[in-house]
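Scope of the values below: all heavy atoms of this structure, side chains included, with no hydrogens, waters or symmetry mates. A quick note: this is a predicted structure, and the numbers were derived from the prediction, not measured.
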Amino acid sequence: MDQFTINLLFVGASFALYIGIAIWARAGSTSEFYAAGRGIHPVTNGMATAADWMSAASFISMAGLIAFTGYDNSTFLMGWTGGYVLLALLLAPYLRKFGKYTVSEFIGDRFYSQTARIVAVICLIVASVTYVIGQMTGVGVAFGRFLEVSNTTGLLIGAGVVFAYAVFGGMKGVTYTQVAQYCVLITAYTIPAIFISLQLTGTPVPALGLFGDTASGEPLLTKLDAIVTELGFNDYTAHHSDTLNMVLFTLSLMIGTAGLPHVIMRFFTVPKVSDARWSAGWALVFIALLYLTAPAVGAMARLNITDMMWPNGGINGGAVSVEDIDNDPRYDWMQTWQKTGLLDWEDKNGDGKIQYYNDQNADMQALAEEKGWVGNELTKFNRDILVLANPEIANLPGWVIGLVAAGGLAAALSTAAGLLLAISSAVSHDLVKGAINPQISEKGELLAARIAMAVAIVVATYLGLNPPGFAAQTVALAFGLAAASIFPALMMGIFSTRINNTGAVAGMLAGLTVTLVYIFLHKGWLFIPGTNSFTDADPLLGPIKSTSFGAIGAMINFGVAYVVAGMTKETPPEIVELVESVRIPRGAGAAQNK
C-alpha cells in the first residue's frame with residue numbers, strides 16, 4: 001500500500017470519528033451549545049482542555065522553532081505551561097463560581113456595564129481571530145503534504161470539517177470531539193519521538209534521551225552543539241537572544257494563556273467549582289505528556305537533518321550530493337516536501353552538492369570563499385514542517401507517517417473549533433442577545449451562533465492563506481493580544497473591588513489598541529504584507545519584538561484602569577459584595593456551588 005493511501009486511511013478515519021461524535025452529541029439548547037449543559041466530568045474536561053490548548057502551534061510548529069534556534073525558543077515551553085498554572089490557580093474556579101456562559105458575560109456583569117461587555121467581545125474576537133489564523137496555517141501545511149493538495153485546497157477542506165462538527169455540535173459536540181482529538185494527537189506525537197529516541201540514544205523515553213548518549217558515546221546535546229557550531233550557527237544549548245525581550249515574551253505567553261477565552265470557556269462546562277480545579281489539574285497532566293517530549297523532538301530532528309545534509313562526517317567529509325537527493329530513498333522526504341513549496345534547495349555553485357551552513361556568519365563566509373561556496377544552498381526550510389516530516393526524515397514505517405498526519409490535523413482542528421466557538425458565543429450571546437435583541441428566542445440565538453461561527457470560519461480561512469508568520473509565531477501574537485486586553489480585566493474583576501466600569505473599559509481599550517498598533521507596525525496593517533514600518537529583527541522599541549509586547553500592553557491596561565477608576569465613581573456596594581462572595585466558599589446567588 002502506497003503512502004498516500006495510508007495517509008488517506010488515517011486522516012479519513014479520524015475525520016469520520018470527529019463528525020460521528022458531533023452528530024451523536026449535537027447541541028439542542030443554548031446551555032449545551034455554550035457550556036455542554038454543565039455536565040462534563042473533570043477528567044474528560046481536562047483532556048478536552050488539553051486538546052483545545054495544544055494547537056497547531058504546539059504540535060506542528062513549536063518543536064520546529066526550538067530545533068532551529070535551541071535554548072532561546074524554550075520560552076514557548078515556559079510561557080505556555082506557566083500560564084496554564086496561572087489560569088488554574090487564579091481564574092478558572094472563580095469564573096466557574098460566577099456561573100456565566102462566556103468571558104464577556106462575566107466582564108459585563110462584574111463591571112455592571114453593557115459597554116464593558118461589548119468591549120470584551122471586541123477584545124475576544126481580535127485575539128481569537130488572530131489565533132485561528134495560526135491554526136488554519138497548520139491545517140494548510142498538513143493537508144498540503146499528506147493529501148498532496150495545494151495549501152489553499154487544504155485550508156478549504158479543513159474549514160469544511162470544522163464547520164461540520166463545530167457549527168452543529170456546539171460546546172457539547174466540540175468537547176467530546178476534542179477528547180478523541182487529544183488521543184489522536186498525543187499518540188501521533190509520542191510514537192515517532194519514541195522511535196527516534198531509540199534510534200539515536202537507545203532510550204525509549206524521549207525526555208531522557210535528550211540528555212542521553214548517542215551510539216558513539218557522546219552526549220546528544222554535546223554532539224548537536226558541536227555540529228551546529230561547525231556550520232556557523234549558534235550553540236544549541238546557549239542563550240543568545242536579548243534577555244529583556246525573552247522575559248517579556250515568556251510573561252506575555254503566560255498571562256496570555258490565562259486570558260484566552262476559548263480555554264476559559266472550558267471551565268464553564270463542569271458541574272461544580274471544585275471540578276474546575278480538578279479539570280485544570282488533569283489538563284496539566286495531559287499537556288505535560290507533549291511538552292516534556294517537544295524539546296527532545298526538536299533536538300533530535302535538528303541532529304538528523306544536519307547529519308543528512310552532511311552525511312560523510314561534517315564539513316570535511318562533504319555535503320550531500322544532488323544525485324543522492326534525487327535517487328537515494330532516504331531523501332525521498334525532501335522531494336515530497338519540495339512539492340508543497342515549504343522546502344527547497346539550489347546548487348548555486350554548480351558543484352553537484354548542497355551545502356547547508358550559516359552564510360551570515362563571518363567565519364563561515366571566509367571558509368566558503370576558500371572552498372568555493374556561494375551561499376547556503378538549503379534555501380528554504382519552513383519551521384512548520386519539521387514535526388510532520390520527522391518520521392520521514394528518520395525513515396520510520398508508513399503507518400507512523402499516516403498517524404502523524406492525523407495528529408497534526410487533530411491539533412489544528414481541535415483548537416480551531418474551540419476558538420470559533422468562543423467567537424460565535426461572543427457574537428450570539430453577548431452581542432446579539434446581550435445588546436441588540438435581549439428578547440431573542442433560544443432557537444434564534446442558536447441560529448445566530450451558528451451563522452456567526454460560519455462567518456468566522458470564512459474569515460479565518462481567508463486570513464490563513466497569508467499568515468503573518470509561522471503557526472507558533474502567529475499564535476504568540478494572539479497570546480499577546482489576550483494578555484493586553486482580557487487577562488487584566490479578569491484579574492481586576494476577581495481580585496479588586498476598586499476597579500469600576502469606567503476603569504475597566506478604559507484599561508481594555510488602552511491595552512488592546514496599543515498592542516494591536518505595535519503588532520501592525522511590525523507585521524503589517526491587518527497583516528497585509530508590505531505595510532509594516534518595522535520588523536522583529538529591528539523593532540521600534542529597542543529589543544522588544546511584536547510577539548513580546550503583550551506584557552507591556554497588560555501593564556498599560558492595569559495602569560490606565562487604576563488611574564481612571566481613581567478619578568471616577570467608586571464601585572457600587574452590591575458589586576463589591578458580589579465580588580467578595582465569589583472569592584469565598586459560601587458562594588453567591590446563582591453562582592453558588594451546586
Side-chain angles (χ1 to χ4, degrees), residues 1-11 56 59-68 138-151 154 188-200 206 224 227 231 296-312 319-347 353-356 376-409 470-471:
M1 187 181 299
D2 62 51
Q3 188 60 56
F4 180 72
T5 304
I6 294 172
N7 294 342
L8 282 180
L9 288 175
F10 274 90
V11 173
F59 188 101
I60 295 175
S61 192
M62 181 174 63
L65 290 173
I66 293 173
F68 285 90
V139 169
V141 170
F143 269 116
R145 161 61 187 94
F146 293 111
L147 298 186
E148 297 179 13
V149 296
S150 69
N151 185 59
Y189 202 87
T190 53
I191 286 180
I194 290 169
F195 271 115
I196 295 169
S197 181
L198 283 169
Q199 284 181 351
L200 293 177
L224 181 56
I227 289 175
L231 299 178
V297 170
M300 292 174 186
R302 180 72 181 275
L303 184 60
N304 275 336
I305 291 166
T306 308
D307 281 342
M308 292 192 80
M309 299 308 297
W310 297 92
N312 303 308
V320 64
S321 68
V322 175
E323 182 180 357
D324 281 344
I325 293 175
D326 290 340
N327 301 308
D328 190 332
R330 291 182 303 159
Y331 293 88
D332 285 349
W333 68 275
M334 293 183 67
Q335 302 277 0
T336 304
W337 279 100
Q338 187 185 39
K339 295 175 185 175
T340 68
L342 301 173
L343 177 71
D344 208 0
W345 58 92
E346 178 188 357
D347 183 12
K353 296 181 181 295
I354 301 298
Q355 283 89 20
Y356 163 59
N376 176 28
E377 295 180 339
L378 185 63
T379 55
K380 189 172 188 179
F381 197 115
N382 188 293
R383 308 301 189 247
D384 287 346
I385 76 172
L386 184 84
V387 170
L388 300 177
N390 227 4
E392 299 169 278
I393 295 170
N395 199 28
L396 298 183
W399 66 268
V400 179
I401 297 171
L403 181 62
V404 169
L409 290 168
F470 301 122

Quick check: do [X] and [Y] have side-chain heavy atoms less than 4.5 Å from each other?
X: Ile354; Y: Val322; value: yes
X: Pro192; Y: Asn390; value: no
X: Ile6; Y: Gln3; value: yes
X: Trp337; Y: Asn382; value: no
X: Met309; Y: Glu377; value: no
X: Trp310; Y: Ile227; value: no
X: Asp332; Y: Glu392; value: no
X: Leu396; Y: Gln199; value: yes

When rounded to the nearest 0.5 angstrom, what is the spacing between [atom1] in [X] and [atom2] in [Y]?
X: Met334; Y: Leu378; atom1: CE; atom2: CG; result: 6.0 Å
X: Thr379; Y: Asp344; atom1: OG1; atom2: CG; result: 4.0 Å
X: Ile191; Y: Trp399; atom1: CD1; atom2: CH2; result: 4.5 Å
X: Tyr189; Y: Leu403; atom1: OH; atom2: CG; result: 13.5 Å
X: Asp307; Y: Arg302; atom1: CG; atom2: CZ; result: 11.5 Å

Could you pull out the closest heavy-atom pair between [X] and [Y], with the gap in Å?
X: Pro206; Y: Ser197; result: CA-OG, 3.7 Å
X: Gln335; Y: Ile325; result: NE2-O, 3.1 Å
X: Met308; Y: Val320; result: O-CB, 3.6 Å
X: Ala67; Y: Gly298; result: CB-O, 3.2 Å
X: Ala63; Y: Val297; result: CB-CG1, 3.9 Å
X: Gly64; Y: Leu386; result: CA-CD2, 3.5 Å

Measure centre to centre between the rings of Phe381 and Phe68, then say whether the value is under 6.0 Å.
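Yes, they do, as the ring centres are separated by less than 6.0 Å.
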Please enumerate all residues that pass side-chain contact (heavy atoms from CB on, under 4.5 Å) together with Asn304, with sequence neighbours excluded.
Ile196, Leu200, Ile393, Ala394
